[in-house]
Amino acid sequence: MFDRTYDVIVVGAGHAGSEAAAAAANMGSKTLLITMNLQNIAQMSCNPAMGGIAKGQIVREIDAMGGYSGIVSDKTAIQFKMLNKSKGPAMWSPRVQSDRMRFAEEWRLMLEQTPNLDFYQEMVSGLIVENGKIAGVKTSLGIEVKAKAVVLTNGTFLNGLIHIGEKQFGGGRAGERAATGITEELIALGFNAGRMKTGTPPRVDGRSLDYSKMQEQPGDEIPEKFSYSGETKPLEKQRSCHMTYTSPIVHDLLREGFDRSPMFNGRIKSIGPRYCPSIEDKINRFADKDRHQIFVEPEGWHTVEVYVNGFSTSLPEDVQFNALRTVVGFENVKFFRPGYAIEYDYFPPTQLKHTLETKLVENLFFAGQINGTTGYEEAASQGLMAGINAHLKVCEKEPFILKRNEAYIGVLIDDLITKGTEEPYRMFTSRAEYRTLLRQDNADFRLTPRSNAIGLASDERLHRMEKKKDNADAFIHFFKETSVDPEEMNPILEEKKSSPMKQSGKMYKVFSRPNITMQDMLRVGEVKDYVEKNGLDSEVMDQAEIQVKYSGYIEKEKNNADKLNRLEDITIPANFDYDKLKSLSFEAREKLKDIRPATLSQASRISGVSPSDISVMLVYMGR
C-alpha cells in the first residue's frame with residue numbers, strides 16, 4: 001500500500017481534513033487520509049449544530065463548490081432555523097441542529113464512496129522534507145509514506161492538554177490521546193508556534209431534566225435546507241431545543257470554585273475564544289449581569305444525551321455539578337461527562353500564502369484550528385480550499401483563490417494570512433465589508449461556475465444553478481414588464497398601510513416598496529398564475545424578491561468592490577525589496593517584509609500599513 005507516492009496526504013479527519021480529502025480526491029488526486037481513530041471521522045467535538053450567523057453562509061459556500069458539509073448537515077439535521085430573518089437578507093443565516101452520531105456516520109460513508117481516497121489509522125509524528133519541499137509523512141510506528149503534497153489539519157490534538165479543575169492530562173479530545181512530534185519538527189524547520197485554548201460544556205442525561213420549566217425553541221415552521229443540490233430534502237419533522245437561565249445562586253456556587261479554576265490560578269496561560277467564553281469567564285467579565293442564557297440542545301433523534309450550550313467550563317467537576325443543579329429545569333440533573341478546557345498548539349497563519357500553502361515548505365498546507373480558527377465551518381472551508389490547492393499545485397495548475405468580495409471564505413483566509421490572529425478566530429457578518437454581495441441565498445451563483453471550471457462542482461450542479469438564475473431573472477423581468485390594476489392592488493396596500501395606487505403601474509415599482517413582500521404579491525392573480533405555470537420554488541422566489549428590493553444596495557457594493565479589485569490587480573514581486581522605499585514608515589516596512597503581501601490590496605489591509613504607505617507604493621509601482 002505504501003510503495004506508491006500519493007498525490008496528496010491529509011493528516012487528521014476532522015471537518016477540515018474530511019473536506020480536504022474529499023476535494024483533492026474528487027478532483028482526481030490519489031489521496032490518503034490518515035487519522036488517529038477512523039471511528040471519529042468528522043466528529044462534532046463541541047456543539048451538535050452546523051451553521052449560524054456567518055457560519056451558515058460558509059456552509060452554503062462549501063456546498064456551492066461541491067464540498068460535503070451542506071449535504072451531510074441536511075441528511076443528519078433534527079432542526080432547521082433561518083436566523084436573523086427580521087433583518088435584511090445580508091444577515092440571514094441558516095443553522096441546523098444535528099444528530100451527532102449520524103453526522104459522523106454520514107461523513108464516513110460519503111468519504112468511503114469517494115473514488116481515489118484511501119484511509120489509514122495511525123498517528124503522524126513527523127514530516128519528510130527534502131530541499132525545502134514536502135516529500136511525505138512519518139508515523140509513530142516508523143512507517144514513511146511518500147506524497148507530493150501534505151495537508152495538516154490537526155485540530156486541537158497537537159500537544160493537547162485537557163483541564164478539569166486542578167486536574168490536567170494529555171489529550172486531543174475527551175477520551176483521545178494528544179498528537180506529538182509534528183510541532184517540534186515544524187519549529188525546527190523555522191515555523192513560529194503558539195498556544196490556544198477552547199472549551200466545552202458538560203453533557204447531561206435528558207431524562208433527568210424538567211423541560212416543562214424551560215422555554216421551548218422549535219425549528220422554522222417551513223424549514224429550508226443547506227444544500228443547493230437535489231440530494232437532500234427539507235425536514236418533515238423536527239426536534240425542539242429549550243432555553244433556561246443561570247441565576248445569582250448559580251454564579252455564587254461557581255465563584256466558590258474559582259480558586260481551583262485553571263483559568264484563574266494560572267494553569268491555563270493561552271487565550272480562549274472571545275465570542276464563546278466559558279461560564280466562569282462570563283460571570284467574571286460581566287459581573288453586573290445576574291443571569292445568562294442556557295440553550296438545551298438534544299444530541300440526536302433517539303439519544304437522551306443533551307448538550308448544555310452556554311455552560312462551557314473547566315471548573316472542578318463537583319463545582320460544575322452543584323452549580324448546574326440550581327439552574328431551572330436542571331434540579332435533578334445527571335452528568336454524562338463534565339465540561340473541560342483544552343490547550344493546543346497552533347501556527348500563526350501569517351506564515352501561509354492565500355492558497356494555505358506554507359511559505360517555508362513548498363507543497364505543505366495548513367487548514368483548520370492549526371491556523372488559529374475556531375468552529376467546524378471555518379475549519380471545513382479551509383480544508384476545502386487547501387484540498388483544492390494541493391491538487392492544483394501537484395498538477396502544476398493555477399491556484400484557486402477567492403477574493404473578499406467573492407466569498408466569506410475569501411474574507412476568512414485573507415484575514416488570517418494578512419492580519420494573523422492571537423485568539424481563536426471566528427467568522428461574523430461584520431467581518432465582511434461586502435456582505436450584501438455575500439448572501440447565503442446566492443452562494444451558488446457566486447461560486448458554482450468557478451468551482452466547475454477547476455473540475456470540482458459537477459456539471460449537474462452548474463446546470464441546476466443556471467436554471468435557477470434564468471428562472472429568477474425571468475421572474476424579475478415579468479415584474480418589470482407587467483402592469484397591475486389599482487383595484488386589485490389597493491386592498492393589499494391598504495392592509496399593509498401603504499399608500500394606494502392612483503393609476504395602473506408596473507408591478508416592479510409596487511413590489512419595491514419596503515413593506516410589500518412576495519407573499520403579498522402572490523395574492524395578485526397574474527403573479528400567482530405565473531408562479532404555478534412555471535413551477536417556481538421558494539429559492540427562485542426568494543432570489544427574485546431580494547434582487548427587486550435590494551438592487552440599489554447590491555449595485556453600490558459591486559462598484560465599491562470593483563474599485564478595490566483595481567488594487568488587487570497590482571501584484572508585488574515575491575522578492576520585492578521594501579528597504580529601497582525610504583518614504584515607507586518603519587512599521588510598514590517591517591510588517592510588509594514579514595507578511596510579504598501578494599498584491600497592493602492585501603498590503604493595504606495589513607495592520608500598521610497606512611494609506612500614505614500605499615500611496616508611496618502606488619507611485620513606485622506606477623513607475
Sub-3.5 Å donor-acceptor pair from the side chain of [X] to the main-chain atoms of [Y], do we have one?
{"X": "R102", "Y": "D99", "value": "no"}
{"X": "D74", "Y": "F226", "value": "yes"}
{"X": "T448", "Y": "A64", "value": "yes"}
{"X": "D537", "Y": "V540", "value": "yes"}
{"X": "R426", "Y": "P424", "value": "no"}
{"X": "S98", "Y": "F103", "value": "no"}
{"X": "N534", "Y": "L536", "value": "no"}

Do [X] and [Y] come close enough that some side-chain heavy atom pair is under 4.5 Å?
{"X": "M27", "Y": "I454", "answer": "yes"}
{"X": "H302", "Y": "M101", "answer": "no"}
{"X": "I78", "Y": "Q238", "answer": "no"}
{"X": "F311", "Y": "H292", "answer": "no"}
{"X": "F400", "Y": "L392", "answer": "yes"}
{"X": "I342", "Y": "K197", "answer": "no"}
{"X": "N309", "Y": "P201", "answer": "no"}

Checklist entry - Looking at W301, is K237 sitting on its ring face, NZ or CZ under 6.0 Å from the six-membered ring centre and within 45 degrees of the normal? => result yes
Checklist outcome for this item: Sorted by chain and residue number, the side-chain hydrogen bond (donor to acceptor under 3.5 Å, both in side chains) partners of S601 (sequence neighbours excluded) come out as E568, R605
Item to check | Residue list, side-chain hydrogen bond (donor to acceptor under 3.5 Å, both in side chains) with E216, at least two apart or on another chain | outcome: S240
Count the heavy atoms belonging to other residues, nucleotides or ligands that lie under 6.0 Å from [atom1] of [X], then report whether that count exceeds 12.
{"X": "E112", "atom1": "CD", "result": "yes"}
{"X": "R274", "atom1": "CZ", "result": "no"}
{"X": "M243", "atom1": "CE", "result": "yes"}
{"X": "Y553", "atom1": "OH", "result": "no"}

Contacts of type side-chain contact (heavy atoms from CB on, under 4.5 Å), residue [X], not counting sequence neighbours:
{"X": "A380", "answer": "H15, E19, I62, S69"}
{"X": "A407", "answer": "E61, L402, I409, R446, L447"}
{"X": "E557", "answer": "Y434, T436, L437"}
{"X": "D415", "answer": "R404, V411, K419, Y425, R431"}

Item to check | Trace of the side-chain hydrogen bond (donor to acceptor under 3.5 Å, both in side chains) decision for Y346 with T421 | outcome: CA-CA 10 Å; Y346 87 105; T421 186; over 6 Å; no
What I want to check is whether the side chains of [X] and [Y] have a donor and an acceptor closer together than 3.5 Å.
{"X": "Q602", "Y": "T418", "answer": "yes"}
{"X": "N515", "Y": "K496", "answer": "no"}
{"X": "N37", "Y": "E176", "answer": "no"}
{"X": "Q79", "Y": "R239", "answer": "no"}

Checklist entry - Does anything in residues 382-391 pair up under side-chain hydrogen bond (donor to acceptor under 3.5 Å, both in side chains), and if so which pairs, sequence neighbours excluded? => result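 Non-adjacent pairs meeting side-chain hydrogen bond (donor to acceptor under 3.5 Å, both in side chains): S29-H391, N371-Q382, T373-Q382.
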Checklist entry - What pairs of residues pass the side-chain hydrogen bond (donor to acceptor under 3.5 Å, both in side chains) test when at least one of them lies in residues 82-94, not counting sequence neighbours? => result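 Sorted result for residues 82-94: Q57-S93.
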Item to check | Shortest non-hydrogen separation from D63 to S229 and the atoms involved | outcome: OD2-N, 4.1 Å
Checklist outcome for this item: Shortest non-hydrogen pair, E423 vs G272, comes out as CB-O, 4.3 Å
Atom [atom1] of [X] and atom [atom2] of [Y]: how far apart are they, to the nearest 0.5 Å?
{"X": "I417", "Y": "T355", "atom1": "CD1", "atom2": "OG1", "result": "8.0 Å"}
{"X": "L111", "Y": "T31", "atom1": "CG", "atom2": "OG1", "result": "10.5 Å"}
{"X": "K403", "Y": "E406", "atom1": "NZ", "atom2": "CD", "result": "5.5 Å"}
{"X": "S451", "Y": "M65", "atom1": "OG", "atom2": "CE", "result": "6.5 Å"}
{"X": "L117", "Y": "L32", "atom1": "CG", "atom2": "CG", "result": "8.0 Å"}
{"X": "Q369", "Y": "L158", "atom1": "CD", "atom2": "CG", "result": "10.5 Å"}

Checklist entry - For Y307 and F295, what are the C-alpha separation, side-chain angles and deciding distance, and is it a ring pair (Phe, Tyr, Trp, His ring centres under 6.0 Å)? => result CA-CA 8 Å; Y307 180 86; F295 289 99; over 10 Å; no
Checklist entry - Is a salt bridge present between E466 and K469, judged by a nitrogen-to-oxygen distance below 4.0 Å? => result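 Result for this pair is no, no salt bridge flagged.
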Next on the checklist: Taking E297 first and then R95, would you say they form a salt bridge - that is, a charged N and a carboxylate O separated by under 4.0 Å?
Outcome noted: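 Answer for the salt bridge query: yes.
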Which residues pass the salt bridge (charged side-chain N to carboxylate O under 4.0 Å, His left out) test with [X], sequence neighbours left out?
{"X": "D441", "answer": "R439"}
{"X": "K225", "answer": "none"}
{"X": "E357", "answer": "K353, K393"}

Checklist entry - Stepwise, does the side-chain hydrogen bond (donor to acceptor under 3.5 Å, both in side chains) test hold for S45 with R173? => result CA-CA 7 Å; S45 309; R173 207 163 29 208; 2.8 Å; yes
Next on the checklist: My understanding is that only one of V151, I34, L33 makes a side chain to side chain contact (heavy atoms under 4.5 Å, CB included) with I9; could you say which?
Outcome noted: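 With I9 as partner, side chain to side chain contact (heavy atoms under 4.5 Å, CB included) holds for just one option, I34.
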Checklist entry - Which residue pairs pass the salt bridge (Lys or Arg N to Asp or Glu O under 4.0 Å) test with at least one member in residues 45-59, sequence neighbours excluded? => result K55-E377, K55-E378
Item to check | CA sep, side-chain torsions, deciding dist, call: I58, M427, side chain to side chain contact (heavy atoms under 4.5 Å, CB included) | outcome: CA-CA 9 Å; I58 289 175; M427 179 52 75; 3.9 Å; yes
Checklist entry - Does the ring pair (Phe, Tyr, Trp, His ring centres under 6.0 Å) test come out yes or no for Y344 and F157, once each step is laid out? => result CA-CA 6 Å; Y344 56 93; F157 281 74; 9.8 Å; no
Item to check | Parallel, tilted or perpendicular, as decided by the 30° and 60° cut-offs, for the rings of F478 and F475 | outcome: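 Answer is parallel, since the angle falls under 30°.
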